[in-house]
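Since the structure comes first, as structure tokens, the remarks are kept for the end.
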Amino acid sequence: MADLILDIKNLRIAATIYPPNEPAKELVIVESIDLTLEKGKVLGLIGESGAGKSTIGLASMGYGRGSVTVGGEVTVNGRDILAGGLIEQRKLRGKEVTYVSQSAAASFNPAKRLMEQIIEAALEHGVANRAEAQKRAIQLFRELSLPDPENIGNRFPHQVSGGQLQRAMTVMALVPEPDLIVFDEPTTALDVTTQIDVLAAIKKAIRNTGVAALYITHDLAVVAQVSDEIMVLRHGALVERNTTDNIINNPVEDYTKALVSVRSIEHEEQKPTSTPILECKGITAAYGNSVRVLQDVTIQVHPGQTLAVVGESGSGKSTLARVITGLLPPIAGETVFDGEVLSKAFGDRSKDDLRQLQMIYQMADTAMNPRQTVATIIGRPLEFYFDLKGAEKKKRILELLEEIEMGEEFLDRYPAELSGGQKQRVCIARALAAKPKLIICDEVTSALDPLVADGILKLLLRLQKIEDVAFLFITHDLATVRAIADSIAVMYQGSLVRYGSKSEVLAPPFDDYTDLLLSSVPEMRIGWLEDVLEHRKMESAGN
């Protein structure tokens, strides 16, 4: 097999952990993984968080995060890179094997221009001189449809959009002309509209250069667009490996079948039966003296129902939430809650106003105090709003844990001892503890694996029936909208471009932007990406 680029045999990756008051023990992260990858081929690694996807990807460079031990054989271009030691691995990284991370914004140095960072590895390894490296970078900028390819390299990272920065990182990985690229969740943090452009750019780059690639993701619909084969992983072990077509259309294992069928929730749209619990009337807002972020936005949310606010990054979704909660006083317009006009500023609102309007955030990790237990986190609003203490407070905490399908054993756990889905459930319980009439959910499932996100959406729908609470659900994921919404508001560059019941908004004819959003939701179908690119009427604002 002359074209064999990567050959991994019996890969085992483990770490030593030190539990309190217990002897040190070994934690196995990846066990008995074998894989091969030929030139010009793409292997997708898919599975939920903790499956070992990124760990395997980094092992292909001979790298183990933290203090892990990497065992087995990792052969790149015929050489066992684990046996070669650190010096040989450093010669390989950035030359024969390159890496594209999930967050380009966190990976670029904000103080250096893009071009300096993009050509750095090629210069360091002596692959090309400065003029040659810059020429190759400019050509790749052009091939990946980046604007002003001759000059975009002179910009700093903050001067380009998220989608453009992610493509710039792909250029950085390609400039040294590697044999293998590891793509580690390269589109997970992007809007569905921007994701299309980045996916297309990655697929084009792989096709034009003939490079081999590992594509790591938890989204089967995304990996289906670029991969020749897919490996399904769970808990560090192989579940199933097959061609992309077979994994999608003929999965064998139950776990793979669950991944294929995810987001099958069907929520029957409810028609408004009473006056709105929330009305935003003509909201216009800006940050400082800059360009207006919201322009004349008017929406309604009805009791016990869900309004989904959708749009790409920068459309004004989260800014609208800040206005509703009083964190950003509007320039014009008013917010009416339960028949009363709310004070524009958070500090001027009554305690009961604050109680009845709660918020759940995208990143549960940063929304909880890491030094507080689950009982303290959920119990705080019970004390603050209802003055509950002692046995009465504990009883209510246990009721809330029961509602979010977590038991008494979680009372004394800290956030670090919870999974991503469990953390988000605790945040939901904390919001429900205040007995609100409306909860704003700001991208609450976008950072979660599809299976975990599916469970959170089902939980929210169940709790809505039990508590009769209304949701304002901010998202860029149209699959989520279909699963949970009764009505939809589509936002684009700070304005409302489409608004109404779910059946009305999702029925043609569509305006160009709504058509772009709807068509950009990844489908588990080979060839979907090419169909979208051929028929869409506009590009995302970030491109």
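Not measured: the values here are computed from a predicted model.
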Do the side chains of [X] and [Y] get close enough for a salt bridge, i.e. N-O under 4.0 angstrom?
{"X": "Lys95", "Y": "Glu177", "result": "no"}
{"X": "Arg79", "Y": "Glu73", "result": "no"}
{"X": "Arg234", "Y": "Glu48", "result": "yes"}
{"X": "Lys203", "Y": "Glu530", "result": "yes"}
{"X": "Glu143", "Y": "Lys204", "result": "no"}
{"X": "Lys317", "Y": "Asp442", "result": "no"}
{"X": "Lys39", "Y": "Asp179", "result": "no"}
{"X": "Arg12", "Y": "Glu26", "result": "yes"}

Taking [X] for its side chain and [Y] for its backbone only, find out whether a donor-acceptor pair lies under 3.5 Å.
{"X": "His125", "Y": "Glu120", "result": "no"}
{"X": "Ser519", "Y": "Leu516", "result": "yes"}
{"X": "Gln424", "Y": "Ile456", "result": "no"}
{"X": "Gln225", "Y": "Ala221", "result": "yes"}
{"X": "Gln166", "Y": "Val198", "result": "no"}
{"X": "Asp228", "Y": "Lys41", "result": "no"}
{"X": "Ser495", "Y": "Met491", "result": "no"}
{"X": "Thr75", "Y": "Gly78", "result": "no"}
{"X": "Thr209", "Y": "Ala205", "result": "yes"}
{"X": "Arg113", "Y": "Asn154", "result": "yes"}

Identify the two heavy atoms, one from [X] and one from [Y], that lie closest to each other, and give their separation to 0.1 Å.
{"X": "Arg136", "Y": "Leu174", "value": "NH2-O, 2.8 Å"}
{"X": "Val127", "Y": "Pro176", "value": "CG1-O, 3.6 Å"}
{"X": "Val100", "Y": "Ala173", "value": "CG2-CB, 3.6 Å"}
{"X": "Ile13", "Y": "Ala59", "value": "CD1-CB, 3.9 Å"}
{"X": "Ala286", "Y": "Arg292", "value": "CB-CA, 3.8 Å"}
{"X": "Leu123", "Y": "Asn129", "value": "CD2-C, 3.6 Å"}

Mind running salt bridge (Lys or Arg N to Asp or Glu O under 4.0 Å) on Arg130 and Glu116 for me, showing each step along the way? CA-CA 10 Å; Arg130 181 172 292 273; Glu116 285 299 308; 2.9 Å; yes
When you compare the side chain of [Y] with that of [X], does any pair of heavy atoms fall below 4.5 Å?
{"X": "Pro178", "Y": "Glu96", "answer": "no"}
{"X": "Ile56", "Y": "Leu35", "answer": "yes"}
{"X": "Glu150", "Y": "Phe141", "answer": "no"}
{"X": "Val293", "Y": "Gln493", "answer": "no"}
{"X": "Gln89", "Y": "Met61", "answer": "no"}
{"X": "Val426", "Y": "Ile377", "answer": "yes"}
{"X": "Gln164", "Y": "Pro147", "answer": "yes"}
{"X": "Ile230", "Y": "Arg241", "answer": "no"}

Around atom [atom1] of [X], are there more than 12 heavy atoms from other residues, nucleotides or ligands closer than 6.0 Å?
{"X": "Phe346", "atom1": "CZ", "value": "no"}
{"X": "Glu124", "atom1": "CD", "value": "no"}
{"X": "Leu86", "atom1": "CG", "value": "yes"}
{"X": "Arg90", "atom1": "CZ", "value": "no"}

Given Glu229 and Thr243, is the side-chain hydrogen bond (donor to acceptor under 3.5 Å, both in side chains) satisfied, shown in steps? CA-CA 4 Å; Glu229 287 188 283; Thr243 63; over 6 Å; no
Can you check side chain to side chain contact (heavy atoms under 4.5 Å, CB included) on Thr16 and Leu27, steps first, answer last? CA-CA 6 Å; Thr16 302; Leu27 175 67; over 6 Å; no
Verify side chain to side chain contact (heavy atoms under 4.5 Å, CB included) between Arg498 and Phe510, making sure each step is shown before the conclusion. CA-CA 9 Å; Arg498 195 173 177 95; Phe510 301 115; 3.6 Å; yes
Walk me through whether Met115 and Ile138 qualify under side chain to side chain contact (heavy atoms under 4.5 Å, CB included). CA-CA 9 Å; Met115 184 61 83; Ile138 290 169; 4.0 Å; yes
Name of the residue among Ser227, Ser54, Ser60 meeting side chain to side chain contact (heavy atoms under 4.5 Å, CB included) with Leu214: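 When Ser227, Ser54, Ser60 are each tested with Leu214, the side chain to side chain contact (heavy atoms under 4.5 Å, CB included) holds only for Ser60.
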